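When reading the values below, keep in mind they use all heavy atoms of this one structure, side chains included, and skip hydrogens, waters and symmetry mates. Just so we're clear, the structure is a prediction, and the values are computed from it rather than from any experiment. Residue numbers begin at 1 in each chain, while the letters A, B, ... track the order of the sequences.
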2 protein chains.
Amino acid sequence: MTQRGYGQFCPVAKAAEIITERWTPLVIRELLMGSRRFNELRRGVPLMSPSLLSDRLKALERAGIVRQERANGHPEYYLTSAGQELRPVVEMLGVWGQPWVRSRVDEAELDVSLLMWDIRRGVRRRQGKRDGRIVVRFEYADAPRGKKHWWLVLDGGQTDLCLTDPGYSVDLRVVTDVSTMTKVWMGDIAFGEALRARKLQFEGPAKLKRSFPTWLSLSPFAGVERPER
Amino acid sequence: MTQRGYGQFCPVAKAAEIITERWTPLVIRELLMGSRRFNELRRGVPLMSPSLLSDRLKALERAGIVRQERANGHPEYYLTSAGQELRPVVEMLGVWGQPWVRSRVDEAELDVSLLMWDIRRGVRRRQGKRDGRIVVRFEYADAPRGKKHWWLVLDGGQTDLCLTDPGYSVDLRVVTDVSTMTKVWMGDIAFGEALRARKLQFEGPAKLKRSFPTWLSLSPFAGVERPER
DNA sequence: CGGTATCCCCCGCGATACTG
DNA sequence: CAGTATCGCGGGGGATACCG
């Protein structure tokens, strides 16, 4: 954004100088979503180069938005209170963007890894605790080689995501395609709707099939009303 | 911002692709503030080149945020309803930025023209109607040559701003410096405070002096609470 | 007044490799 | 895992002039 500033004292301008730099809103989004570690942040913005992420984190630190801390030897990035106050800004951005997104579901932007990473993050943990380990296997026929099969392992409140068979027996199989699962996660189509249209199939115990949609949490913007444009 | 997009389907990313491009938030701010004509917009973002402004307006039109219309022969730019829905975003940006601005009042960013333009826009019109024409002369000793004296002419609900004596008799003289007037307008210091500190002086009928602060409207963010950072 | 056209610089950022 | 280092290019955007 060649951010030399706008030369204006207006608060909108001053705020924009910092947080509307390229990638920065997305980095803040990741931090707001709870990502802490460098590579964790990277997974949320996979197309951003590591050096640029590093630059941005430093810029945000200088701006008083981010603070780096060490947790058992590892650096972690936290939002300061000033950073947390950006939540409404990012939220409004997403709320505004939701109808826009709906109008064009760009196939080129479908990204299984990103989707699965979001799903992993959103899983409501409590479920895992009640029923011991649960292993869900996602199968995307249309995903690129090496990204077709995903294992989501819920165990004792912890959630792991694997691209290689962790060896546990699979409790639930979800067979679908990237586009459908993305739309479901985005709130564009309802879970049951996808099932009925046979765009998404389930295999497993009835009880698990019933509870699955309750602990698979959708995008934070899935519920936003989307009036026609 | 080299806006090739972020390659993400997330609504925050999609929204950011459009409205966090360089200058765009400020252009939207100007439109939200009621600017309609091309050169009127330019005055709000004086450091932006006209070709770039033109580009951005077209991009915003393509994005469905702005619509160009012709009013008695002259092109005017309006926010569509999608564009108007950006008000909370820009507002939150300003509210967030206000404390940041306070911490550094960058002298280099003081701009009399911008300030006077903002003041002109904010003047509550009704006053002019009641009392016929009112001419206020602003005198900034520290302003650059040719920008020291400003005439604000309120006449029949219309407000004009001149850099050359329009010839009318002056009803009220305001003598101050750019930094002080900017701080007052930003809500950093109260009007009375500036008066008491003799950083700002008045000359004119007592009645007008009393009413002046009531129809000189301050920055939309003047009232925002600014906790220490 | 309301923009276009052009030119060119510069640096942001993408790519890739590498290190502690 | 958590970043740095380096390099090169592309094009964004600043400056300026000009046109309808």
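- The nearest whole Å value for the distance from the CZ atom in A:Arg37 to the C1' atom in D:dC1 is 7 Å.
- Using a 4.0 Å cut-off, no side-chain N or O of B:Tyr6 falls inside it from OP1 or OP2 of C:dC13.
- Within 4.0 Å (heavy atoms only), A:Glu76 reaches no atom of the nucleic acid at all.
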**Message:** Could you walk me through whether B:Ser35 and B:Arg121 satisfy the side-chain hydrogen bond (donor to acceptor under 3.5 Å, both in side chains) test, starting with their C-alpha distance in whole Å, then the side-chain angles of each, then the deciding distance to 0.1 Å, before giving a yes or no?
**Reply:** CA-CA 9 Å; B:Ser35 288; B:Arg121 179 163 54 192; 3.3 Å; yes
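- In the set D:dG14, D:dT16, C:dG14, the nucleotide with an atom closest to the side chain of A:Leu52 is C:dG14.
- Separating the CG atom of A:Asn39 from the C1' atom of D:dT4 is a distance of 14 Å, rounded to the nearest angstrom.
- Cation-pi geometry between B:Arg43 and B:Trp117 is met: the NZ or CZ atom falls under 6.0 Å from the ring centre, inside 45° of the normal.
- Protein atom NZ of B:Lys58 is 15 Å distant from nucleotide atom C1' of D:dG13, rounded to whole Å.
- In this structure, A:Tyr140 and A:Phe138 have parallel ring planes: the angle between them is below the 30° cut-off, well short of the 60° mark.
- For the pair B:Met48 CE and D:dT16 P, the computed distance is 17 Å after rounding to whole Å.
- Nucleotide C:dC13 holds its C1' atom 13 Å from the CG atom of A:Leu47, rounded to whole Å.
- Atom CZ in B:Arg22 sits about 16 Å away from atom C1' in C:dC13, given to the nearest Å.
- The nearest whole Å value for the distance from the CG atom in B:Leu53 to the C1' atom in D:dG13 is 13 Å.
- If you measure from atom CZ of A:Phe38 to atom C1' of C:dG20, you get 15 Å, rounded to the nearest angstrom.
- Atom CG of A:Leu152 and atom CZ of A:Arg137 lie 13.5 Å apart (nearest 0.5 Å).
- If you check D:dT16, D:dT4, D:dA2 against the side chain of A:Pro50, the one that comes closest is D:dT4.
- Aromatic ring orientation, A:Phe9 versus B:Trp185: perpendicular (interplanar angle above 60°, classes split at 30° and 60°).
- Contact between the side-chain N/O atoms of B:Ser54 and the OP1/OP2 oxygens of C:dT4 is found at a separation under 4.0 Å.
- In the helix from C:dC1-D:dG20 to C:dG20-D:dC1, the terminal helix axes, each the rotation mapping four pairs' C1' atoms onto the next four within five end pairs, subtend 50°, rounded to 10°.
- For A:Arg56, the listed nucleotide lying nearest its side chain is C:dC13; candidates were C:dC13, D:dG13, D:dG3.
- Here A:Glu17 pairs with A:Lys14 in a salt bridge; the nearest charged N to carboxylate O distance falls below 4.0 Å.
- Note on A:Trp23: a side-chain N or O is less than 4.0 Å away from OP1 or OP2 of C:dG14.
- Note that CG of B:Leu115 is 11.5 Å distant from NZ of B:Lys147, once rounded to the nearest 0.5 Å.
- Closest to the side chain of A:His74, from the set C:dT16, D:dA2, D:dA15, is D:dA2.
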